[in-house]
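First the structure, in the form of structure tokens, and then the observations on it.
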Amino acid sequence: MIEQILNAAVTNAVKTLYDLDATPSQVQLQNTRKEFEGDFTLVVFPFTKVSRKSPEATAAEIGEYLQQNVAEVESFNVIKGFLNLSVSRKYWLSFLAGSANEPRFGFSESQETKPVVVEYSSPNTNKPLHLGHIRNNLLGFSLSRILQAAGKNVVKVNLVNDRGIHICKSMLAWQRWGNNETPESSGLKGDHLVGKYYVVFDKHYKDEISTLVAGGMQADEAAKKAPLILEAQQILQKWEAGDEAVINLWKKMNGWVYDGFATTYQTLGIEFDKTYYESQTYLLGKKLVEEGVQKGVYARRADGSVWIDLAAEGLDEKLLLRSDGTSVYITQDLGTAMQRYDEYSPEQLIYVVGNEQEYHFNVLKAVLKHLGCDWSTAIYHLSYGMVELPAGKMKSREGTVVDADDLMQEMFDTAEAMARELGKIESFEDEEAKKLYRTIGLGALKYFILKVDPKKNMLFNPAESVDFNGNTGPFIQYTYARIKSVLRKADEAGYVVSFSADNSVTLRPEEKELLRKLHDFPALVMQAADMHSPAVIANYAFELASEYNRFYHELTILKEENLDSRNLRLSLSGFTASVIANALWLLGIEVPERM
RNA sequence: GGCCUCGUAGCUCAGUGGAUAGAGCAGCAGCCUUCUAAGCUGCGGGUCAUUGGUUCGAAUCCAAUCGGGGUCACCA
């Protein structure tokens with residue numbers, strides 16, 4: 001790639017001219033802004049100290065050197081301290097000729113190295129998935145693909161939280177008020193059915209608390225003493241003791257939930273290489289904690305509870321094991337982290353988990369470090385922001401959630417209404433039309449969520465449904481379909497696209513800009529992987545599609561009479577389609593052949 | 001209260017020390033007998049929360065202040 005060539009050449013230039021061994025951070029090479037002439041710009045301010053000349057003179061000197069010593073540098077101009085370099089037409093054309101038909105352009109071949117384990121989704125089995133889970137799933141899945149495209153050996157992992165008091169609440173409510181209702185008898189999706197009883201529990205539970213408070217009890221005490229919660233706790237104890245009836249009910253209801261989740265994952269287009277269940281791993285951490293006590297890095301108190309003092313790390317004293325010997329959240333995570341490390345010896349362990357758990361992950365890393373696990377540095381918490389509604393945060397128990405299944409269905413319906421209104425589907429078979437609504441509806445939803453920086457909180461307004469025009473998934477999908485249409489017509493006309501670098505065409509500005517955008521793709525994939533950010537890819541895909549639409553509008557393709565020009569444009573079109581498809585693939589978004 | 005994080009156009013968001021801060025939506029005005037108008041072009045819209053500092057250069061780095069969110073459980 002030309003960037004490396006220029007980088008090395010600049011390093012040589014300042015060595016020769018000023019006897020300076022430049023550090024990489026001193027060589028600031030960037031894309032030239034559109035309003036100036038040139039392709040790449042070198043910021044020369046870092047060299048003015050050693051050149052002892054004005055920025056302009058320094059830039060001119062380095063420019064001269066590059067023009068004489070680098071074949072690809074055709075000309076240069078200097079504006080203030082900025083050296084704008086123009087790369088030769090020949091370079092651009094040979095880039096196009098060499099890469100246009102490379103279907104995996106931008107993707108690195110996977111290395112035979114230690115894997116990167118990405119855990120995402122990790123749902124509780126007491127309620128259906130909502131918008132927050134959608135962000136989690138889309139980020140985790142997309143990040144996995146981006147890392148894979150950057151040459152990593154990725155394992156996608158889901159850890160299902162299938163045990164605990166929350167499930168017992170749903171179980172109890174179903175036993176008490178469910179009348180043996182099943183997904184079949186109710187017509188409800190399994191996860192929604194179980195979620196319904198979670199809400200039922202909460203309603204009755206709150207009633208009980210109110211009654212107790214009315215009788216003179218303190219609210220926090222009432223919350224602990226309400227009969228329903230005591231009974232739920234009993235169920236949990238029976239579960240841990242292996243009580244057959246409880247286990248059977250638990251299996252039955254969790255089974256419903258898994259069927260429901262499988263449907264949601266499939267609709268969303270998400271998958272995993274391996275699924276773990278917390279019921280099978282929740283005891284793992286205890287042994288580790290015991291080891292820590294033996295080593296003297298953790299302290300056991302008189303009541304039997306185990307603690308670690310992380311004041312030195314700026315964290316508090318943290319509980320690692322309850323006085324009754326049962327494990328807490330962190331105990332389990334210690335166990336699963338260790339298990340995962342033993343199983344995969346990963347290069348990196350990525351957890352896609354909301355930023356509300358940042359503190360927890362800091363503690364997790366610190367605890368492992370104290371235990372002598374130097375691999376704790378391999379843990380990376382992709383801490384994404386909350387999805388907020390105009391009214392504030394989503395709360396499952398209060399019903400202020402945007403349900404994942406409902407939302408996707410709405411997206412499909414909107415896509416259908418839109419397509420009908422625009423008269424897009426007259427020539428479509430029913431089956432193809434239905435598939436198109438799904439492709440576009442999901443494209444809109446996924447793009448909407450992935451285009452924002454994962455770290456930031458984002459706002460979702462259900463009243464203003466997700467857009468299909470402008471900076472959206474459908475816009476990019478439309479651009480792809482448009483290109484495909486042109487290519488089909490070219491094919492029908494019997495055009496054979498052949499393009500080689502010694503072609504004598506001149507590059508029009510629209511062609512040049514498009515080519516430059518395409519050229520950027522591989523570097524952006526690497527950047528997205530480094531930053532763990534699908535948003536980098538999303539924003540790129542939009543810019544690329546915009547660039548193509550400008551090109552498409554300004555220039556004719558099929559009717560271009562100059563054969564070299566027509567081939568150049570067809571070649572650029574095909575290349576663009578392929579890069580759009582690749583970029584959207586990284587986001588888990590499909591492309592339609594027509595729309 | 002301690003710690004973390006965010007604050008950029010009416011709204012949703014880009015912009016990981018570099019040139020005159022950008023998109024989309026919403027608003028207004030144009031472009032379909034021509035390769036798909038889910039498109040293209042133009043206009044208006046900014047004290048980058050505030051103040052100070054570092055730097056040749058700050059939306060970006062540092063400090064303080066104000067405002068929003070998160071977190072600090074023998075919950076997960």
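Just so we're on the same page: letters track the sequence lines, and every chain starts at 1.
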Paired nucleotide for B:C3 [Watson-Crick or G-U wobble; both distances under 3.5 Å]: B:G70

Electrostatic pair A:E240-A:R163, nearest N-O below 4.0 angstrom: yes

Whether A:F542 stacks on the six-membered ring of B:A23 base, 5.5 Å and 30° limits: no

Atom-to-atom span, CD of A:E547 to P of B:U41 - whole angstrom: 10 Å

Pairwise P distance, B:G18 and B:U12 [rounded to whole Å]: 27 Å

Side-chain N or O of A:K456 closer than 4.0 Å to phosphate OP1/OP2 of B:A14: yes

Same-atom distance (C1') from B:C3 to B:G57, integer angstrom: 33 Å

Aromatic contact, A:F361 with A:Y351 (centres under 6.0 Å): yes

Sugar-phosphate only, base, or nothing, as touched by A:E543 at under 4.0 Å among non-hydrogen atoms: nothing

Gap in Å between the two P atoms, one belonging to B:U55 and one to B:A49, rounded: 23 Å

Among A:L570, A:D491, A:L487, the one residue meeting side-chain contact (heavy atoms from CB on, under 4.5 Å) with A:V497: A:L570

Phosphate OP1/OP2 of B:U71 contacted by A:Y359 side-chain N/O (<4.0 Å): no

Presence of A:N469 side-chain N/O under 4.0 Å of B:G39 phosphate oxygens OP1/OP2: yes

Ring-on-base stacking B:G39 with A:Y552 (under 5.5 Å, under 30°): no

Centroid distance under 5.5 Å and plane angle under 30°, A:F36 vs B:A19: yes

Mutual orientation of the aromatic rings belonging to A:Y380 and A:H532 [parallel < 30°, tilted 30-60°, perpendicular > 60°]: parallel

Chi-based syn or anti call at B:C72, which uses purine or pyrimidine torsion atoms and a 90° bound: anti

